[in-house]
**Student:** 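First the structure, then my questions, so here it is.
Chain naming here is simple, since letters A, B, ... match the order of the sequence lines and numbering starts at 1 in each.
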2 protein chains.
Amino acid sequence: MEQDKYKRDFIGFVERLCPLGNDAATIFSQQLVTVRFNKGETILKQDGICRYVYFINSGLVKTWFESKDRSFIMRFFAEGNMFTVLDSYLAQQPSAYAVEALENTVLTRISKTDMDKLCARFHTAETFFRKLISMASVNMMSRIGEILEEQASVRYENFLGENPDLVQRISLGDMASYLGITQVSLSRIRAII
Amino acid sequence: MEQDKYKRDFIGFVERLCPLGNDAATIFSQQLVTVRFNKGETILKQDGICRYVYFINSGLVKTWFESKDRSFIMRFFAEGNMFTVLDSYLAQQPSAYAVEALENTVLTRISKTDMDKLCARFHTAETFFRKLISMASVNMMSRIGEILEEQASVRYENFLGENPDLVQRISLGDMASYLGITQVSLSRIRAII
DNA sequence: ATAGTTTTTTATCATTTGATAAATTTTCGC
DNA sequence: GCGAAAATTTATCAAATGATAAAAAACTAT
């Protein structure tokens, strides 16, 4: 059954970070729910509360926020990865960021309530979660360093080099929002390169 | 004894994130070592391996990196806070960032070896560590958002507003490196405001 | 296929920041 | 306090990016 495969892929991701043990894996798996979003649909509204950790079975999403009349993208997440909106998830408070599907997307998720129970009961679950957040932190560190250090044109080229597969799936406008520049500026950068 | 107070402050920070229980607190405390650095001294060299999690009993440090002929500051950490160089610490690999004391500084630290043992033995220790990293992540998220969204002058004013105490302790040059602009640019911004 | 919509490009001018150099002020050791 | 060194400011010109408008290209629904 499709649903089982989606769950297995979620658990597979978890166990690559930290093997759970049979008990934990079974119980973990029972808490998972698969949901679908069409291209353009909102998965989490700005000011909504993020109640889940998500695994992307297929598709692509962006976490982003609107400010003045421009928008900015924190990160893209494609199939095979996990995401949540960390500050909202941890504190269960309104999120500064929204999440939107950029393609038809299949997500398998676990609720914070269930995740907390798992973490309390199984040390391995907590270890997995710690590693997941660690990965996110390390990513963010290098992003901060890169934004401070490099101009948009260099960051654009770096992104092309590091995510050759993603590039074709992301619009110019979204790419610009991720770089923190306007669509028009990115178009100019492209013309020059 | 001074050393005991330093350890108690470290443990106090930990317990505010996650109460440890008596056993864990005692054993945790036994692994702590206090070290001192003078203003200007290097706590961790770029390409060094970060083997500790540090608590700052007193003083101020910066984590930074050099690139081309400019330098950039990832973060300042003042007394009462904890820090490590996360990617280097987790993977025990050479660090892209250096750590330097901006004032005479007293640090109390625990080695990764001991921390790993504590986390394996006490669930609470791992929970503490997860929360520590979570805090760092949430901080970094808002920093990324702010850098994307705001010009240096706005980020400077925000920093003044959020860290009125720190401002007097940080040089113009370091402040500029934190903002990702040159010293001269920050001086100009100051003149205009 | 066509009309309408959205996305991307091109152009122009304004603002922000960088690079460099020099002047000024502050800090620090003696 | 004095002089050297370091930090900060001021000035000038160049490069990167923003704002706006309009043209061109790509995509969509009928």
**Student:** Five pairs per end, C1' atoms only: what is the angle between the end axes of the helix from C:dA1-D:dT30 to C:dC30-D:dG1, to 10 degrees?
**Tutor:** 60°

**Student:** Please list, in numerical order, the residues of residues 164-183 of chain A that have a heavy atom closer than 4.0 Å to any atom of DNA chain D.
**Tutor:** A:Gly180, A:Ile181, A:Thr182

**Student:** My understanding is that only residues two or more places apart in sequence, or in another chain, count here; which of them pass side chain to side chain donor-acceptor pair (under 3.5 Å) with A:Thr108?
**Tutor:** A:Thr34, A:Asn57

**Student:** A:Leu102 CG to C:dT6 P: how many Å, rounded?
**Tutor:** 17 Å

**Student:** Sequence neighbours excluded, which residues qualify as side-chain contact (heavy atoms from CB on, under 4.5 Å) partners of B:Thr127?
**Tutor:** A:Glu126, B:Cys18, B:His123, B:Arg130, B:Lys131

**Student:** For a quick test of reading the model: is some side-chain N or O of B:Ser185 closer than 4.0 Å to OP1 or OP2 of C:dG18?
**Tutor:** yes

**Student:** If every non-hydrogen atom of A:Tyr97 is compared with every non-hydrogen atom of A:Leu44, which pair is closest and at what distance?
**Tutor:** O-CD2, 4.0 Å

**Student:** Whole angstrom is fine here: how far is it from CZ in A:Arg188 over to P in C:dT15?
**Tutor:** 15 Å

**Student:** List in chain and number order the residues that pass side-chain contact (heavy atoms from CB on, under 4.5 Å) with B:Ser111, two or more places apart in sequence or in another chain; answer none if no residue qualifies.
**Tutor:** B:Tyr52, B:Thr113, B:Asp114

**Student:** Listed by chain and number, what are the ring-ring contact (aromatic ring centres under 6.0 Å, His included) partners of A:Phe122, not counting sequence neighbours?
**Tutor:** none

**Student:** With sequence neighbours excluded, what pairs up with A:Phe128 under the ring-ring contact (aromatic ring centres under 6.0 Å, His included) test?
**Tutor:** none

**Student:** Rounded to the nearest angstrom, tell me the gap between atom OH in B:Tyr156 and atom P in C:dT16.
**Tutor:** 17 Å

**Student:** Going by distance alone, is a donor N or O of one side chain under 3.5 Å from an acceptor N or O of the other, for A:Thr26 and A:Ser29?
**Tutor:** no

**Student:** How would nucleotides 25-30 of chain C be written as a contact map, 5' to 3', with B for base contact, S for sugar-phosphate-only contact and - for no contact, using protein heavy atoms under 4.0 Å?
**Tutor:** ------

**Student:** Can you list the other members of the hydrophobic cluster that holds B:Val106, where links are side-chain heavy atoms under 4.5 angstrom apart?
**Tutor:** B:Tyr6

**Student:** Per the salt bridge (charged side-chain N to carboxylate O under 4.0 Å, His left out) rule, what does the pair list look like for residues 5-30 of chain B, sequence neighbours excluded?
**Tutor:** B:Lys5-B:Asp9

**Student:** Distance only, no hydrogens: is a donor on one side chain within 3.5 Å (strictly under) of an acceptor on the other, for B:Asp87 and B:Gln93?
**Tutor:** no

**Student:** Which nucleotide span of DNA chain D, 5' end to 3' end, has atoms closer than 4.0 Å to non-hydrogen atoms of chain A?
**Tutor:** D:dA16 to D:dT20

**Student:** Quick test of your reading of the model: are B:Glu149 and B:Arg155 salt-bridged, counting only N-O distances below 4.0 Å?
**Tutor:** no

**Student:** Once ring-ring contact (aromatic ring centres under 6.0 Å, His included) is applied, do any residues pair with B:Phe72, and if so which ones, sequence neighbours excluded?
**Tutor:** B:Phe65

**Student:** Measure centre to centre between the rings of A:Tyr178 and A:Phe159, then say whether the value is under 6.0 Å.
**Tutor:** yes

**Student:** Take the protein atom CD1 of B:Ile147 and the nucleotide atom P of C:dT17, then report the distance between them rounded to whole Å.
**Tutor:** 13 Å

